[in-house]
Amino acid sequence: MTQDFLDMLLAGDKADTDCETTPDRADTASATHLIRAVAFECLLNHVVDERAQSVLRLVGFDGDFACCAVAGRPSETEHTSSETIRHAIADIGGAEPLIGMQGETLVALFRLQGATNPDLTCTAIAGAFASDVPLCLGPVRRGIIGASRTIHAALTTLRTIPALHAIIETTPSSRVQHQPLLRAEDALPERALLGDEDARHELVDGIYANLLGQGEDDPTMLTVSSFLESGRSLEITARMLNVHPNTVRYRLKRMADTTGWDATNPRDATVLTTAIALGRIAYAEQH
């Protein structure tokens, strides 16, 4: 349905260009609103072909743009909250965002340029969202494919909230102003369970690939996987690998310093366990 409508929209846009009459302001505003709505639906429905790129270009998302999405429950009506977001981003020097609804969820896709980094933007637009539901921030991605992925990551992150209340309440960086904030990268395992391909990519091609290290002689994967399988016991892991517990401790610390993931941390252990499981499955299917 979106594909057919894209053909109609682009055909209509060409016809308007060929026409010599000048549209009035109301017609222009209506056309702009329609194009923005279609652009949002394209990204929401994973339509990222050349026609969708043409539509995005019409609303200012051109080329290899860097972008990020935010999703949450609007604090007021869709129109009022959308206008609050537009004005807030304009006030910090950002370009006009792409805004749409999925059910009762308001989603804003914004470009990263100048001062419009994710944290500053979240702070600026927090008032447009209900304070009793965490604001969910998608990862930074590039281009039309990345735009679709960050939108879906933000939406999937919103769905993980029931499983992550403890993280939201105990993580210092999980608040913006008085608004709870949940970042997509803090919900990788749960997003993967919900079928989020972007999360699976991060877990397999990012974390799991890093654990593989420099080859068969690198003990990182064996040490981490053994440590997790042992119930995070240094002594049991040391016996499994026939090394001293201090050797295990050193390897885990080196891994944490290199990758940022600490297997001795309960939450990080969950992420690593999920990454290893998905990575082994993916690599077995490829070979």
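This chain uses plain numbering: 1 for the first residue, then up along the sequence. Since this is a predicted model, take the numbers as computed values, not measurements.
- With Glu202 as the fixed residue, the salt bridge (charged side-chain N to carboxylate O under 4.0 Å, His left out) test singles out one of Arg141, Arg149, Arg191: Arg141.
- Under the 4.5 Å side-chain heavy-atom criterion for ILVMFWY residues, no single connected hydrophobic cluster contains both Ile276 and Leu193.
- The line from NE2 of His46 to CG of Leu44 is 7.5 Å long, rounded to the nearest 0.5 Å.
- The two residues Leu278 and Arg200 come nearest to each other via the heavy atoms CD2-NH1, 3.3 Å.
- For the atom pair CD1 of Ile161 and SG of Cys136, the computed distance is 4.0 Å after rounding to the nearest 0.5 Å.
- Put simply, the side chain of Ile85 reaches to within 4.5 Å of the side chain of Leu106, judged on heavy atoms.
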request  = Just do the side-chain contact (heavy atoms from CB on, under 4.5 Å) check on Cys68 and Thr121 with the steps written out, would you?
outcome  = CA-CA 10 Å; Cys68 196; Thr121 302; over 6 Å; no

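- A salt bridge is defined here as a Lys NZ or Arg NE, NH1 or NH2 lying under 4.0 Å from an Asp or Glu carboxylate O, and Asp62 with Arg111 fails to meet this definition.
- You'll find the side chain of Pro219 reaches within 4.5 Å of the side chain of Arg254, heavy atoms only.
- Cluster annotation: Leu211 and Val243 are assigned to the same hydrophobic cluster (Ile/Leu/Val/Met/Phe/Trp/Tyr, side-chain heavy-atom contacts under 4.5 Å, transitive).
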task = List the steps and the verdict of side-chain contact (heavy atoms from CB on, under 4.5 Å) for Thr220 and Thr259.
result = CA-CA 11 Å; Thr220 302; Thr259 67; over 6 Å; no

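- Tracing side-chain contacts under 4.5 Å through hydrophobic residues (I, L, V, M, F, W, Y), one reaches Val133 starting from Ile167; they form part of the same cluster.
- Distance check: Ile92 CD1 to Thr123 OG1 gives 8.5 Å after rounding to the nearest 0.5 Å.
- Of the possible polar contacts, none joining the Arg232 side chain to the Ala269 backbone as a donor-acceptor pair under 3.5 Å is found.
- No donor-acceptor pair closer than 3.5 Å links the side chain of Thr150 to the backbone N or O of Ala147.
- Using a 4.5 Å cut-off on side-chain heavy atoms (C-beta onward), Pro189 and Thr273 make no contact.
- Residues Leu181 and Arg183 come closest through the heavy atom pair CD2-NH2, 3.8 Å.
- With hydrogens and angles disregarded, a donor-acceptor distance shorter than 3.5 Å links the side chain of Ser75 to the backbone of Ala128.
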inquiry  = Show, in sequence, the C-alpha distance, side-chain angles and deciding distance for His152 and Asp198, and conclude whether the side-chain contact (heavy atoms from CB on, under 4.5 Å) test is met.
reply    = CA-CA 9 Å; His152 281 274; Asp198 190 78; over 6 Å; no

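- Two different hydrophobic clusters hold Leu182 and Val271 under the rule that ILVMFWY side chains link at heavy-atom gaps under 4.5 Å.
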ask   = Checking side-chain hydrogen bond (donor to acceptor under 3.5 Å, both in side chains) for the pair Thr80/Thr77: CA distance, chi angles, key distance, verdict?
value = CA-CA 5 Å; Thr80 301; Thr77 65; 2.9 Å; yes

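- Of all the heavy atoms in Ala52 and Val47, the pair that sits closest is CB-O, 3.2 Å.
- Without hydrogens or angle criteria, Ser148 side chain to Ile145 main chain gives no donor-acceptor distance under 3.5 Å.
- Residues Leu252 and Tyr250 have side chains not in contact (no heavy-atom distance under 4.5 Å, counting atoms from C-beta outward).
- Side-chain contact between Ile151 and Gln102 is absent, with no heavy-atom pair separated by less than 4.5 Å.
- For the pair Leu56 and Ala39, the tightest heavy-atom approach, listed with the atom from each and the gap, is CD2-CB, 3.8 Å.
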request  = Check the pair Glu96, Arg36 against side-chain contact (heavy atoms from CB on, under 4.5 Å), reporting the backbone distance first and the verdict last.
outcome  = CA-CA 11 Å; Glu96 184 166 357; Arg36 288 186 169 278; 3.4 Å; yes

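- The existence of a salt bridge linking Arg267 and Glu185 is excluded, since no basic side-chain nitrogen approaches an acidic carboxylate oxygen closer than 4.0 Å.
- Thr223 places no side-chain N or O within donor-acceptor distance of the main-chain N or O of Val248, the cut-off being under 3.5 Å.
- In this structure the side chain of Asp196 never reaches within 4.5 angstrom of the side chain of Thr157, judged on heavy atoms.
- Applying the side-chain hydrogen bond (donor to acceptor under 3.5 Å, both in side chains) criterion to Asp205, with sequence neighbours excluded, gives His201.
- At distances below 3.5 Å, at least one donor-acceptor pair connects side-chain atoms of Asn45 with backbone N or O atoms of Glu41.
- Residues satisfying the side-chain hydrogen bond (donor to acceptor under 3.5 Å, both in side chains) test with Arg159, not counting sequence neighbours, are none.
- Screening Tyr208, Trp261, Phe227 for a side-chain contact (heavy atoms from CB on, under 4.5 Å) with Leu272, the sole residue that qualifies is Trp261.
- No side-chain heavy atom of Asn210 sits less than 4.5 Å from a side-chain heavy atom of Thr258.
- Not a single donor-acceptor pair under 3.5 Å links the side chain of Gln286 to the backbone N or O of Ile281.
- Between Ala88 and Ile125, the shortest heavy-atom contact is CB-CG2, 4.0 Å.
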